[in-house]
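This report concerns only the one structure given below.
Position 1 is the first residue of the sequence; numbering continues from there. What you see is a predicted model, and the numbers here were worked out from it, not measured in a lab.
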Amino acid sequence: METNIGSDLIIGGSSQIAKYMPENYHRVSGRIIPEYVFNYPWKRVYICFAEQRTALADNKRFKSEFYDVNFHKTLAVINKLTAQTIVCFSTTELWNMCHGAIDLQTPYNFKENYYTDSKLLLTNTLKERENVITLYPFNFNSRFRSENFLFGKIYNSLINNRKIEIGSTYYYREILHARYVASEAMMANSTKIIGSGRLIYVNDYIKDLYIQAKLDYNNLVVESEQSWRPNNTFWLNSTDCKYSYIDLLKDSMEDL
């Protein structure tokens with residue numbers, strides 16, 4: 001394989017974030033990483049693979065998968081890389097028991113499960129690495145989101161004019177598009193939380209997507225009795241809006 005010394009690399013090329021990074025970035029799968037990847041001095045490497053099936057994060061059958069991928073494998077890959085900068089993604093779920101604005105000085109406070117525990121273990125291990133930037137993105141979505149997640153179902157409905165059933169979406173949450181997270185990751189020079197600093201009323205956002213797509217929400221979406229909502233409401237501590245609702249809608253509709 002020929003490559004330019006100092007070029008950028010994405011490990012986990014099929015991830016949502018990777019889909020919105022420049023096409024000239026070199027990409028490899030996070031499942032099987034070719035050995036040549038470890039023989040080149042990359043300028044910047046993005047670690048985009050992870051075990052993030054959070055619906056399984058309390059299931060003991062999947063405990064080893066979360067720790068094997070999110071800690072052991074990720075750390076082993078980082079240890080073998082030669083790169084000026086390695087960008088690794090943690091999660092704002094490490095603050096999911098907080099209520100209010102958070103920043104990097106806010107102590108972690110979260111509901112423990114295999115996903116959050118494995119992410120915390122990796123995050124703490126990488127804190128002293130001078131060439132590693134850790135990013136904590138709030139919830140983000142795109143048309144590449146798996147249908148195991150709420151917005152995977154929403155996008156599938158919007159793109160295919162398909163009827164779906166969802167639980168309650170009558171709550172507030174920080175919501176981003178993967179395009180914004182990718183842009184922030186490429187510009188990041190230090191560890192940071194990626195968020196807008198504003199809350200979105202989730203049901204309004206979903207209904208606006210159907211309006212923008214000229215589809216009838218009431219005909220295509222059945223709201224079931226099942227209710228899931230975050231235990232607490234938290235957001236990025238910022239006096240400025242980092243990512244407006246208009247931009248969120250624009251990026252979301254470009255996906256369609």
Side-chain angles (χ1 to χ4, degrees), residues 15-17 19-20 50-59 61-62 91-102 110-116 137-181 194-236 241-256:
S15 69
Q16 284 193 90
I17 294 173
K19 299 290 187 182
Y20 297 94
E51 176 53 79
Q52 54 184 4
R53 292 176 294 174
T54 51
L56 304 175
D58 290 310
N59 189 327
R61 291 175 52 201
F62 295 90
T91 175
T92 52
E93 288 303 302
L94 296 179
W95 290 279
N96 66 24
M97 293 301 290
C98 293
H99 188 77
I102 65 165
F110 60 93
K111 177 182 180 295
E112 292 187 23
N113 56 42
Y114 303 133
Y115 174 72
T116 52
F138 273 91
N139 180 267
F140 61 89
N141 301 283
S142 72
R143 67 185 176 90
F144 300 105
R145 171 64 83 184
S146 163
E147 286 188 55
N148 294 323
F149 295 86
L150 168 63
F151 278 93
K153 294 175 70 173
I154 296 296
Y155 272 102
N156 181 270
S157 172
L158 291 166
I159 292 170
N160 298 301
N161 197 14
R162 181 174 297 170
K163 193 164 188 173
I164 58 171
E165 181 176 316
I166 63 173
S168 172
T169 56
Y170 295 91
Y171 54 86
Y172 288 92
R173 197 174 193 190
E174 270 255 26
I175 297 180
L176 310 171
H177 190 274
R179 187 188 307 277
Y180 175 71
V181 177
I194 299 177
S196 66
R198 299 293 184 270
L199 292 172
I200 300 297
Y201 194 64
V202 179
N203 186 261
D204 285 348
Y205 169 48
I206 293 172
K207 286 179 177 176
D208 282 345
L209 290 177
Y210 281 85
I211 291 171
Q212 293 284 323
K214 295 180 172 56
L215 296 173
D216 190 329
Y217 174 89
N218 294 318
N219 284 340
L220 290 176
V221 180
V222 176
E223 297 179 1
S224 74
E225 296 297 322
Q226 183 179 4
S227 178
W228 178 91
R229 62 188 304 153
N231 293 321
N232 297 282
T233 303
F234 61 107
W235 60 91
L236 174 65
C241 180
K242 305 292 185 183
Y243 183 61
S244 72
Y245 185 63
I246 292 174
D247 287 335
L248 172 62
L249 279 178
K250 176 178 176 292
D251 285 340
S252 301
M253 294 312 299
E254 283 187 9
D255 264 353
L256 304 181

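- At a threshold of 4.5 Å between non-hydrogen side-chain atoms, the residues Y170 and Y201 count as touching.
- Distance check: E223 CD to Y217 OH gives 3.5 Å after rounding to the nearest 0.5 Å.
- Looking only at atom types and distance, the side chain of Y205 has a donor-acceptor partner in the side chain of S252 under 3.5 Å away.
- Minimum interatomic distance between T169 and V202 (heavy atoms only, all atoms of both residues): O-CB, 3.5 Å.
- For the atom pair CG of L209 and CZ of F151, the computed distance is 7.0 Å after rounding to the nearest 0.5 Å.
- Between the side chain of N96 and the backbone N or O of K111 there is at least one donor-acceptor pair closer than 3.5 Å.
- When only modelled atom types and interatomic distance are considered, Q16 and S142 share a side-chain donor-acceptor pair under 3.5 Å.
- Side-chain contact between Q52 and Y115 is present, with at least one heavy-atom pair separated by less than 4.5 Å.
- No donor-acceptor pair under 3.5 Å is formed between the side chain of R145 and the backbone N or O of L150.
- Between F110 atom CZ and L94 atom CG the span is 5.5 Å, to the nearest 0.5 Å.
- Put simply, the side chain of V181 does not reach to within 4.5 Å of the side chain of Y20, judged on heavy atoms.
- The backbone N or O of H99 lies less than 3.5 Å from no partner atom in the side chain of T233, so there is not a single donor-acceptor pair.
- Between the side chain of E174 and the backbone N or O of S196 there is at least one donor-acceptor pair closer than 3.5 Å.
- Taking the six-membered ring where the residue is Trp, H177 and Y155 present perpendicular rings, their angle passing 60° and hence far from 30°.
- Annotation: the span from N59 atom CG to N113 atom CG amounts to 11.5 Å, rounded to 0.5 Å.
- Looking only at atom types and distance, the side chain of Y243 has a donor-acceptor partner in the side chain of D251 under 3.5 Å away.
- Residues N219 and Y210 bring no donor and acceptor atom of their side chains to less than 3.5 Å of each other.
- In this structure, CD1 on I102 lies 10.0 Å from CH2 on W235, to the nearest 0.5 angstrom.
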- Show your reasoning for whether side chain to side chain contact (heavy atoms under 4.5 Å, CB included) applies to W95 and N232. CA-CA 9 Å; W95 290 279; N232 297 282; over 6 Å; no
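- Panel note: side chain K153, backbone E165; a donor-acceptor pair is recorded below 3.5 Å.
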- Between I246 and L249, does a side chain to side chain contact (heavy atoms under 4.5 Å, CB included) hold up when you go through it step by step? CA-CA 5 Å; I246 292 174; L249 279 178; 5.9 Å; no
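- Of the possible donor and acceptor atoms, one in the side chain of S157 sits under 3.5 Å from a partner among the backbone N and O of R162.
- When atom types are taken as modelled, the side chain of E51 and the backbone of R53 share a donor-acceptor pair closer than 3.5 angstrom.
- Of all heavy-atom pairs between D255 and R179, the closest is OD1-NH2, 4.3 Å.
- Note: T91 OG1 to N139 CG = 9.0 Å, rounded to the nearest 0.5 Å.
- Counting heavy atoms from C-beta on, the side chains of N203 and I206 never come closer than 4.5 Å.
- Under the 4.5 Å side-chain criterion, counting only non-hydrogen atoms from C-beta, I164 is in contact with V221.
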- Query: How far apart are the C-alpha atoms of F140 and I194, what are their side-chain angles, what is the distance that settles it, and do they pass the side chain to side chain contact (heavy atoms under 4.5 Å, CB included) test?
  - Reply: CA-CA 10 Å; F140 61 89; I194 299 177; over 6 Å; no
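- No side-chain heavy atom of L248 sits less than 4.5 Å from a side-chain heavy atom of Y180.
- Counting heavy atoms from C-beta outward, L158 and R143 have side chains that stay 4.5 Å or more apart.
- The two residues L199 and F234 make their nearest non-hydrogen contact at CD2-O, 3.9 Å.
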